[in-house]
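Take a look at the structure set out below.
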Amino acid sequence: MIAVYAIRPKQVAEIRLDDLNRSTGRLRIPRPNRLDHEVCLDEFALRLVKDWLVERHHRWPHSTNPYLIVSPITAMHVDQPAVTASNFQTLRDRIGINATQLRQDRFLDEARETADPIRLMRLLGITSHTAIYYVRAAYPERFTIDRTQA
């Protein structure tokens with residue numbers, strides 16, 4: 001979710017089971033002081049989520065923790081968040097890149113693909129400023145000032 005949908009680790013950790021609508025393939029990412037961001041999950045992501053839910057139920061059949069991602073420690077505690085963003089540090093250690101770098105790479109990759117700031121905003125849930133920044137980074141030649149035309 002971090003690499004493909006550019007969701008921050010803190011946001012991934014805070015996804016609740018009721019934020020996921022498997023029948024429509026949509027995932028709501030709550031964002032304080034902003035509109036929620038809705039992600040359309042692809043088939044691969046939906047399969048991974050399904051496999052995780054099956055695994056979660058197999059490991060902790062009586063878990064009532066409302067969060068999507070839980071750990072052995074938090075699975076049976078309703079009043080605790082499932083995991084913390086620091087749980088994603090092992091991911092960074094394994095692949096050698098942190099979540100911020102993954103997100104930035106995803107933004108730049110999508111900007112190179114579409115060059116459309118509005119698409120970036122809708123797809124990745126970023127601000128117009130951020131979207132334009134990445135389109136400019138992907139296509140610097142489009143934003144250079146031609147001194148002969150000025």
Side-chain angles (χ1 to χ4, degrees), residues 1-59 63 65-71 74-75 80-150:
M1 289 190 189
I2 296 168
V4 175
Y5 300 106
I7 302 171
R8 289 184 170 90
K10 184 178 185 317
Q11 292 171 317
V12 172
E14 293 173 352
I15 295 171
R16 299 170 72 88
L17 290 168
D18 59 358
D19 292 330
L20 175 66
N21 185 336
R22 287 181 43 210
S23 64
T24 63
R26 296 183 184 273
L27 177 65
R28 183 173 47 90
I29 306 297
R31 299 186 301 185
N33 305 318
R34 292 178 64 193
L35 291 174
D36 292 347
H37 177 58
E38 189 170 84
V39 174
C40 297
L41 301 173
D42 61 17
E43 279 186 45
F44 180 70
L46 281 170
R47 190 170 63 243
L48 288 176
V49 168
K50 178 186 174 256
D51 291 348
W52 166 245
L53 291 173
V54 168
E55 178 68 20
R56 174 189 157 130
H57 181 72
H58 175 74
R59 286 186 187 192
S63 175
N65 190 307
Y67 292 93
L68 177 64
I69 301 182
V70 293
S71 71
T74 63
Q80 289 184 342
V83 292
T84 63
S86 64
N87 289 103
F88 295 98
Q89 295 303 327
T90 56
L91 174 68
R92 183 205 66 206
D93 296 342
R94 270 194 248 155
I95 63 174
I97 187 171
N98 68 35
T100 301
Q101 292 168 318
L102 275 173
R103 290 183 77 241
Q104 290 170 345
D105 186 58
R106 179 66 180 105
F107 294 159
L108 188 57
D109 183 60
E110 193 62 37
R112 285 183 182 133
E113 185 67 28
T114 67
D116 181 356
I118 294 174
R119 177 168 163 71
L120 289 175
M121 292 166 59
R122 289 183 180 150
L123 181 66
L124 303 171
I126 57 179
T127 65
S128 59
H129 176 77
T130 303
I132 292 168
Y133 174 85
Y134 281 96
V135 170
R136 287 182 78 139
Y139 296 98
E141 68 281 358
R142 293 184 184 178
F143 295 91
T144 57
I145 298 171
D146 185 357
R147 298 291 177 195
T148 62
Q149 300 295 322

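Taken to the nearest 0.5 Å, the CG atom of Leu46 stands 5.0 Å off from the CG atom of Leu41. In this structure, the separation between CG on Leu53 and NE2 on His58 is 14.5 Å, given to the nearest 0.5 Å. Rounded to the nearest 0.5 Å, atoms CZ (Arg8) and CZ (Arg103) are 4.0 Å apart.
The only member of Leu48, Ile15, Val39, Ile69 that meets side-chain contact (heavy atoms from CB on, under 4.5 Å) when paired with Met1 is Ile15.
When the shell of 6.0 Å around CD of Gln101 is examined, it contains more than 12 heavy atoms from other residues, nucleotides or ligands. By the neighbour-count criterion of 12 heavy atoms within 6.0 Å, atom CZ of Arg122 is sparsely surrounded, having that number or fewer from other residues, nucleotides or ligands.
Listed by first then second residue, pairs satisfying ring-ring contact (aromatic ring centres under 6.0 Å, His included) with a partner in residues 14-49 number zero, not counting sequence neighbours.
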task: Take Leu68 and Trp52, measure what side-chain contact (heavy atoms from CB on, under 4.5 Å) needs, and give me the verdict at the end.
output: CA-CA 9 Å; Leu68 177 64; Trp52 166 245; 4.1 Å; yes
task: Start with the C-alpha gap between Val70 and Arg56, add the side-chain angles, then the distance that decides, and say whether side-chain contact (heavy atoms from CB on, under 4.5 Å) holds.
output: CA-CA 8 Å; Val70 293; Arg56 174 189 157 130; 3.4 Å; yes
task: Apply the test side-chain contact (heavy atoms from CB on, under 4.5 Å) to residues Ile29 and Asp19: give CA-CA distance (whole Å), side-chain angles for both, the deciding distance (0.1 Å), then the verdict.
output: CA-CA 7 Å; Ile29 306 297; Asp19 292 330; over 6 Å; no
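Counting all heavy atoms, side chain and backbone alike, Gln11 lies closest to Pro30 at NE2-O, 4.4 Å. The shortest heavy-atom contact between Tyr139 and Ala111 is CE1-O, 3.3 Å. Here the closest non-hydrogen pair linking Asn98 and Thr100 is OD1-N, 3.0 Å. Summarising the geometry of Arg26 relative to Cys40, their closest heavy-atom pair is NH1-SG, 2.8 Å, with the distance given to 0.1 Å. Contact between Tyr5 and Ala45 at its shortest, heavy atoms only, is OH-CB, 3.5 Å.
No donor-acceptor pair closer than 3.5 Å links the side chain of Arg136 to the backbone N or O of Pro140.
Residues Arg119 and Glu110 are paired through a salt bridge, judged by an N-O separation under 4.0 Å between the basic side chain and the carboxylate. Electrostatic pairing of Asp36 and Arg28 counts as a salt bridge here, judged by a charged N lying under 4.0 Å from a carboxylate O. The residues Arg47 and Glu43 are annotated as not salt-bridged, no charged nitrogen and carboxylate oxygen being separated by less than 4.0 angstrom.
For the pair Pro9/Ile2, a side-chain contact is recorded, criterion being any heavy-atom separation below 4.5 Å from C-beta on.
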For residues 123-135, which side-chain donor-acceptor pairs fall under 3.5 Å, sequence neighbours excluded?
{"unit_1": "Thr127", "atom_1": "OG1", "unit_2": "Thr130", "atom_2": "N", "d": "3.2"}
{"unit_1": "Thr127", "atom_1": "OG1", "unit_2": "Thr130", "atom_2": "OG1", "d": "3.0"}

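For the 3.5 Å distance criterion, the side chains of Ser63 and Asn65 fail to qualify, holding no donor opposite an acceptor.
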